[in-house]
Amino acid sequence: MPELPEVEEAAGRLRRAAVGHRVLALRALHPSQRKQLPPRRARRAVGRRIVAVERRGKYQTIRFDDDSTLLVHFRMDGDWHIGPCGDPPARFARAVLDLDNDTRLSLVDARALCTITWHERGVDPLPALGPEADDPAITATALRNALAARRGPIKAVLLDQRVLAGLGNIYAAESLWRASIHPAASAATLREPTLQRLITAIRASLADGVRNAARYRTGVRVAPLKVYDREGEPCTRCGATIRRITQAGRSTYYCAGCQRLKR
DNA sequence: TATTCCCTGTGC
DNA sequence: GCACAGGGAATA
């Protein structure tokens, strides 16, 4: 379930397990990942010390002591399994990184859509990304400027990582619900007060997500989502029925009662 | 700007 | 069986 909060949580576990340690082995296991990270490229990481693990949007960067970088993206359902090197490989392990502290980092992903790529020093491994979606420095004016040239509904634009980095299908829907904005509203026509509400809503949704992602592993009950995957259920704010529509090929959930389309 | 595809599993 | 899945790049 990796959007910004879940990737943040996973990157934290990775950081605690890996920073300061040397790579004994790196292997891509599935053909999809072997294509991105063939054995001769993977060998470049061997012997290097991991000096930093960072998250940017939904990407994770593993930086080595020679300033080369491994760039990891979980896509739909990637995750890290962290255990001793002697453990049998997890069923859906797509790449494995063994460290000199007897730690095996397994990139697990049933769908094999995750990406792992190695980048030489001096090249920026990240694609062009907008500001972090929960960056407190984002202003309504800046967001309005970013949306001015966009055609299309706000929901689809929120999924564009060049506009804001880190939002996916779940938190885009949750944020629009919190801000009482219809997902089909034309992005370019939203006014600043509305966008300010959206910015606040995005921050709140992601903060909830971060809290939930931290609790999830400890077994503590997590706060339920407001609209995502709740088609047919009543809205907790107005009681109207949550609807599901398709936008840009994916499901959008919203409340037809309190997320009105103005025109 | 909107589909199609990448993969493979789960749930209806 | 078959639709569908939280992402993103490549197409048309």
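Below, read A as the first sequence line, B as the second, and so on, with proteins coming before strands; counting in each chain starts at 1.
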Student: Rounded to the nearest Å, what distance is computed from the CG atom of residue A/L158 to the C1' atom of nucleotide C/dG7?
Tutor: 15 Å
Student: Has A/Q161 got a side-chain N or O lying under 4.0 Å from the OP1 or OP2 atom of C/dG7?
Tutor: no
Student: Nearest-nucleotide wise, let me know which of A/R244 and A/Y59 is further upstream toward the 5' end of DNA chain C.
Tutor: A/R244
Student: Run the ring-ring contact (aromatic ring centres under 6.0 Å, His included) test against A/H30 and tell me which residues pass, sequence neighbours left out.
Tutor: none
Student: Using a 4.0 Å cut-off on heavy atoms, which residues in residues 27-35 of chain A reach DNA chain B? List them by number, or say none.
Tutor: A/H30, A/S32
Student: CG of A/D160 versus P of C/dG8: gap in Å, rounded?
Tutor: 10 Å
Student: Has A/R243 got a side-chain atom pairing as donor or acceptor with A/A256's backbone, closer than 3.5 angstrom?
Tutor: no
Student: Hey, can you pull the donor-acceptor pairs under 3.5 Å for the side chains in residues 39-50 of chain A, sequence neighbours left out?
Tutor:
residue	atom	partner	partner atom	Å
A/R44	NH2	A/E120	OE1	2.9
A/R48	NE	A/D65	OD1	2.6
A/R49	NH1	A/G20	O	2.7

Student: Nearest whole Å is fine: how far is C/dG7 P from A/Q60 CD?
Tutor: 15 Å
Student: Can you confirm whether the side chains of A/E192 and A/T141 place a donor and an acceptor under 3.5 Å from each other?
Tutor: yes
Student: For DNA chain C, what residues of residues 248-256 of chain A have any heavy atom nearer than 4.0 Å?
Tutor: A/R250, A/S251
Student: Residues in salt bridge (Lys or Arg N to Asp or Glu O under 4.0 Å) with A/R75, at least two apart?
Tutor: none
Student: Nucleotide range of DNA chain B contacted by chain A, 5' to 3', under 4.0 Å to a heavy atom?
Tutor: B/dT1 to B/dG9
Student: Which whole number of Å gives the distance between the C1' atom of C/dG1 and that of B/dC6?
Tutor: 22 Å
Student: Mind checking ring-ring contact (aromatic ring centres under 6.0 Å, His included) for A/H119 and listing every partner two or more places apart, or none if nothing turns up?
Tutor: none
Student: Above 12 or not: heavy atoms from other molecules or residues under 6.0 Å from CZ of A/R56?
Tutor: yes
Student: Any base atoms under 4.0 Å from A/R150, or only sugar-phosphate, or nothing? Heavy atoms, all strands.
Tutor: sugar-phosphate
Student: Using a 4.0 Å heavy-atom cut-off, does A/F74 contact any base of the nucleic acid, only the sugar-phosphate backbone, or nothing at all?
Tutor: nothing
Student: Between atom CG in A/N169 and atom P in C/dA5, what is the gap in whole Å?
Tutor: 8 Å
Student: Apply ring-ring contact (aromatic ring centres under 6.0 Å, His included) to A/F64 and list each qualifying residue two or more places apart in sequence or on a separate chain.
Tutor: none
Student: Does anything in residues 165-191 of chain A pair up under salt bridge (charged side-chain N to carboxylate O under 4.0 Å, His left out), and if so which pairs, sequence neighbours excluded?
Tutor: A/R178-A/D208
Student: May I have the step-by-step check of side chain to side chain donor-acceptor pair (under 3.5 Å) for A/S180 and A/R260, ending in yes or no?
Tutor: CA-CA 7 Å; A/S180 299; A/R260 293 299 180 83; over 6 Å; no
Student: Go through the structure and list residues passing salt bridge (Lys or Arg N to Asp or Glu O under 4.0 Å) with A/R150, not counting sequence neighbours.
Tutor: A/D160
Student: May I have the distance from A/D229 (atom CG) to C/dA3 (atom C1'), rounded to whole angstrom?
Tutor: 14 Å
Student: Kindly indicate whether a cation-pi arrangement holds for A/R13 with A/W80, taking the cut-offs as under 6.0 Å to the six-membered ring centre and within 45° of the axis.
Tutor: no
Student: What's the CG-C1' distance between A/D77 and C/dG8, to the nearest Å?
Tutor: 14 Å
Student: Using only heavy-atom distances, determine whether the side chains of A/R55 and A/T61 contain a donor-acceptor pair under 3.5 Å.
Tutor: no
Student: Whole angstrom is fine here: how far is it from CE in A/M76 over to P in C/dA9?
Tutor: 13 Å
Student: Taking only residues two or more places apart in sequence or in another chain, which ones pass ring-ring contact (aromatic ring centres under 6.0 Å, His included) with A/Y59?
Tutor: A/H73
Student: Distance check needed: C/dC4 C1' versus A/I170 CD1, whole Å only.
Tutor: 14 Å
Student: For a stem of at least 3 consecutive Watson-Crick or G-U pairs with distances under 3.5 Å, i pairing with j, i+1 with j-1 and so on, which stems involve DNA chain C?
Tutor: B:1-6 with C:7-12, B:8-12 with C:1-5
